[in-house]
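Step one of this worksheet: look at the structure below.
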Amino acid sequence: LVVTLQRGHVVAGQVVDGQGAAVANAIVSARLNGDYLELRTQSDAAGRFRLQGLPGEGLELEVYGQGFQRLRQPLERLDEGRPAIGIARV
């Protein structure tokens, strides 16, 4: 049996609220065709996050934080810049 691994893609960005302020401790999860991948992270104090090892297409990020509405953001291609993910308060 020969297994060939392919290098995954990276998505990094910042979680911000409706006024553009960073949202710390937001959970950012990756979904592929509606199914959760076992990849998730938490935004830092500046709202920054980074996920790696992702496939290049068919992805969606799901972002939520305490006091905020859950947001799903489709990503068409991962090689086009860094997304800023905005979430709104509940």
Side-chain angles (χ1 to χ4, degrees):
L1 175 65
V2 175
V3 177
T4 304
L5 297 177
Q6 294 184 8
R7 187 169 304 278
H9 293 271
V10 173
V11 63
Q14 183 182 29
V15 181
V16 297
D17 67 14
Q19 284 70 47
V23 177
N25 302 315
I27 303 298
V28 181
S29 301
R31 295 167 56 97
L32 178 62
N33 300 320
D35 294 323
Y36 286 103
L37 298 175
E38 292 188 25
L39 296 168
R40 76 179 210 171
T41 191
Q42 194 168 353
S43 62
D44 65 13
R48 294 179 304 245
F49 68 90
R50 178 181 173 91
L51 288 169
Q52 54 191 55
L54 299 169
E57 296 181 5
L59 282 175
E60 176 179 80
L61 291 184
E62 184 173 85
V63 183
Y64 59 94
Q66 187 172 359
F68 291 92
Q69 296 175 355
R70 187 175 297 250
L71 172 77
R72 289 188 178 154
Q73 175 74 43
L75 297 177
E76 294 191 19
R77 293 178 57 190
L78 292 183
D79 57 358
E80 294 181 359
R82 295 175 43 152
I85 308 298
I87 60 177
R89 286 205 180 276
V90 174

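Rounding to the nearest 0.5 Å gives a distance of 8.0 Å between CG of Leu61 and CG of Leu54. A distance of 8.5 Å separates CD in Glu62 from CG in Leu71, rounded to the nearest 0.5 Å. To the nearest 0.5 Å, the span separating OG on Ser29 from CD on Glu38 amounts to 11.5 Å. The distance from the CD atom of Gln73 to the CG atom of Leu59 is 12.0 Å, given to the nearest 0.5 Å. Atom-to-atom distance recorded for Thr41:OG1 and Ile27:CD1 is 8.0 Å, nearest 0.5 angstrom.
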Checking Arg50 against Val10 for the side chain to side chain contact (heavy atoms under 4.5 Å, CB included) test, could you report, in this order, the C-alpha distance in whole Å, the side-chain angles of both residues, the deciding distance, and whether it holds?
CA-CA 7 Å; Arg50 178 181 173 91; Val10 173; 3.6 Å; yes
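Gln14 places no side-chain N or O within 3.5 Å of a backbone atom of Ala22 that could act as its donor or acceptor partner. Not a single donor-acceptor pair under 3.5 Å links the side chain of Ser43 to the backbone N or O of Arg48.
With sequence neighbours excluded, no residue forms a side chain to side chain donor-acceptor pair (under 3.5 Å) with Arg40.
Nearest heavy-atom pair, Ala26 versus Val63, reported as atom, atom and distance to 0.1 Å: CB-CG1, 4.2 Å. Gly53 and Leu39 make their closest contact through O-CD1, 3.9 Å (heavy atoms, listed as atom of the first residue, atom of the second, distance). Closest approach of Val28 to Val15, counting heavy atoms only: CG2-CG2, 4.0 Å.
Residue Tyr36 is not grouped with residue Leu32 when hydrophobic side chains (ILVMFWY) are merged at heavy-atom distances under 4.5 angstrom, including chains of intermediate members.
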